[in-house]
Amino acid sequence: MTGIATKTVFIANGAHPVAQACAAAFRAEGVKVCVANGSGGDLKIDVDVQDQDSWISAFATSHAELGGPDVLVIPSFGSASGGIETLEAEDFVSAHRAMAVPAFLAQNQGILAMRRAGIQGALVHILPAAARSAVGNAAAVCTAAAGVLFSSKSAALECAKAKDGIVVNALLAGPVAGMDDLDYGVHVDAIDPQQIAAAAVFYATEGAVYMTGMDLPIDNGLVAQ
C-alpha cells in the first residue's frame with residue numbers, strides 16, 4: 001500500500017487506455033476516483049475539454065461528490081500527422097488544439113480548484129516521450145507535447161513561489177502497447193499502460209512530495225539514446 005487511500009483523484013481524458021489504467025491503479029489503492037469522459041471510477045463526469053467553464057463545473061461537481069481533488073492526472077497523447085511535405089498549417093493547429101489546450105485548461109482549473117479547497121495536491125501530466133525526443137513526420141505532436149511539458153514546469157514554478165503545497169510533474173511515456181504510432185527511429189519495447197499508472201501513483205505519494213517540475217521517463221531508455 002502507498003498510504004494514499006484517503007485521497008481523491010481526478011483523471012482527465014478518461015477514455016484513453018493510460019487513463020483507464022490509472023483509474024484502476026488508484027482504485028486498487030482505495031482512492032476515490034473521478035473520471036472525465038470515461039469509465040472505471042467512482043464518479044463519471046462529461047467535460048467539454050475545449051471549454052474553460054466546463055472544466056470549472058467538472059471540478060466543482062467532483063469536489064461536491066467525492067471531495068478533493070488531491071491528485072489530478074492528465075494524459076495527453078496524439079498521433080503522427082505528417083511531415084514537411086504533407087503537414088498543413090490547419091492540421092498543425094488542430095493537433096495543438098486537440099492535445100495542448102485540454103491539458104492547459106485541466107491543469108490551470110485543477111490548480112485553482114485545489115487552492116479553493118485548501119488542498120496541497122499533486123498534478124501528473126502523462127505525455128509521449130516525443131516531448132523530449134523528437135520524431136520525424138510528427139512535428140505537431142512533438143511541439144504540442146513539449147508545450148504541455150513546459151506549461152507544467154511553468155505551473156510548478158508558480159505553485160512553488162505561491163507556497164500553496166501543490167506540485168506539478170510529468171511522466172514521459174515511450175511507445176505504449178497497442179496504441180502508439182510514433183516512430184522514434186530506435187527499438188524499445190512497448191510500455192504497458194499499467195507500468196505508467198504505477199508511476200502516476202508514486203507521484204501521488206509522500207515520497208514525491210518535494211518533487212515538482214520534473215519529467216520522469218517511463219520509456220525503457222528511449223530518451224537516453
Side-chain angles (χ1 to χ4, degrees), residues 8-23 26 33-41 43-63 68-69 71-81 89-116 121-132 138-156 158-159 166-173 176 179-182 193 196-197 200 203 215:
T8 297
V9 61
F10 186 109
I11 300 178
N13 194 15
H16 192 280
V18 170
Q20 289 286 290
C22 287
F26 276 103
V33 176
C34 175
V35 179
N37 299 338
S39 58
L43 177 67
K44 174 186 175 181
I45 295 180
D46 294 326
V47 182
D48 178 349
V49 298
Q50 301 290 331
D51 183 72
Q52 177 172 289
D53 289 340
S54 187
W55 282 109
I56 294 171
S57 177
F59 285 116
T61 299
S62 178
H63 178 73
V71 184
L72 171 57
V73 179
I74 310 172
S76 303
F77 288 86
S79 299
S81 52
E90 54 266 32
D91 297 324
F92 184 85
V93 172
S94 178
H96 281 69
R97 185 166 183 81
M99 184 176 174
V101 171
F104 169 78
L105 290 174
Q107 170 188 273
N108 287 14
Q109 295 310 317
I111 289 171
L112 292 175
M114 289 178 181
R115 286 177 174 177
R116 285 193 294 270
L123 274 72
V124 184
H125 287 275
I126 306 178
L127 304 165
R132 278 179 52 187
V141 70
C142 286
T143 54
V148 175
L149 175 60
F150 279 88
S151 175
S152 77
K153 291 178 179 291
S154 178
E158 286 191 49
C159 290
I166 298 171
V167 296
V168 187
N169 292 293
L171 297 172
L172 303 183
V176 179
M179 59 152 286
D180 205 316
D181 68 345
L182 299 179
I196 301 169
Y203 266 145
D215 48 296

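Just so it is clear, the structure is predicted and the values come from calculations on it, not from any experiment. These values consider heavy atoms only, across backbone and side chains, with no hydrogens, waters or symmetry-generated copies.
- A 4.5 Å side-chain heavy-atom check between Leu149 and Arg132 finds at least one atom pair inside the cut-off.
- For the pair Asp53/Ser57, no side-chain contact is recorded, criterion being any heavy-atom separation below 4.5 Å from C-beta on.
- The two residues Gly110 and Leu72 have their closest heavy-atom pair at CA-CD2, 3.8 Å.
- A distance-only check finds no donor-acceptor pair linking the side chain of Gln50 to the backbone of Val101 [under 3.5 Å].
- Judged as a salt bridge (Lys or Arg N to Asp or Glu O under 4.0 Å), and not counting sequence neighbours, the contacts of Arg115 are Asp164.
- To the nearest 0.5 Å, atom CG of residue Asp46 and atom OG of residue Ser54 are 8.5 Å apart.
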*Apply side chain to side chain contact (heavy atoms under 4.5 Å, CB included) to Gln20 and Ser39, showing your working.*
CA-CA 7 Å; Gln20 289 286 290; Ser39 58; 3.8 Å; yes

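- Listed here is the closest heavy atom pair of Met99 and Pro128: CE-CD, 3.8 Å.
- Looking at residues two or more places apart in sequence or on another chain, you find no ring pair (Phe, Tyr, Trp, His ring centres under 6.0 Å) involving Phe104.
- Between Ala156 and Val168 the shortest heavy-atom distance is CB-O, 3.7 Å.
- Here the closest heavy-atom approach between residue Ala131 and residue Ala146 is recorded as O-CB, 3.7 Å.
- Residues Phe10 and Val35 fail the side-chain proximity criterion, which asks for heavy atoms closer than 4.5 Å.
- Aromatic pair His96/Phe92: centroids less than 6.0 angstrom apart.
- With a 4.5 Å cut-off on side-chain heavy atoms, Tyr203 and Val73 do not count as touching.
- To the nearest 0.5 Å, atom CG of residue Leu171 and atom CD1 of residue Ile126 are 5.5 Å apart.
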_Assess the residue pair Ile111 and Cys159 against the criterion (side chain to side chain contact (heavy atoms under 4.5 Å, CB included)); give the C-alpha distance rounded to whole Å, side-chain angles, the decisive distance to 0.1 Å, and a yes or no._
CA-CA 9 Å; Ile111 289 171; Cys159 290; 3.9 Å; yes

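- Remark: side-chain polar atoms of Thr143 are paired, donor with acceptor, to backbone N or O of Ala139 under 3.5 angstrom.
- Taking the side chain as every heavy atom from C-beta outward, Ser76 and Asn13 never approach each other to under 4.5 Å.
- Proximity of Asn169 to Leu123: side-chain heavy atoms (C-beta onward) are nowhere separated by under 4.5 Å.
- By the 4.5 Å heavy-atom criterion applied to side chains, Val49 and Leu105 are not counted as neighbours.
- In plain terms, the two heavy atoms of Ala12 and Trp55 that are nearest each other are CB-CH2, 3.8 Å.
- When only modelled atom types and interatomic distance are considered, Gln107 and Ser152 share no side-chain donor-acceptor pair under 3.5 Å.
- Taking the side chain as every heavy atom from C-beta outward, Lys153 and Asp215 approach each other to under 4.5 Å.
- Among all heavy-atom pairs drawn from Ser62 and Ile45, the shortest one is N-CD1, 3.8 Å.
- Between the CZ atom of Arg116 and the CZ atom of Phe59 there is a distance of 9.0 Å, given to the nearest 0.5 Å.
- Here the CD1 atom belonging to Ile11 is positioned 12.5 Å from the CG atom belonging to Asn37, to the nearest 0.5 angstrom.
- Under the rule for a ring pair (Phe, Tyr, Trp, His ring centres under 6.0 Å), the partners of His16 that lie at least two apart in sequence or sit in another chain are Phe77.
- Atom CG of Leu127 is separated from atom CD1 of Ile74 by 9.0 Å, given to the nearest 0.5 angstrom.
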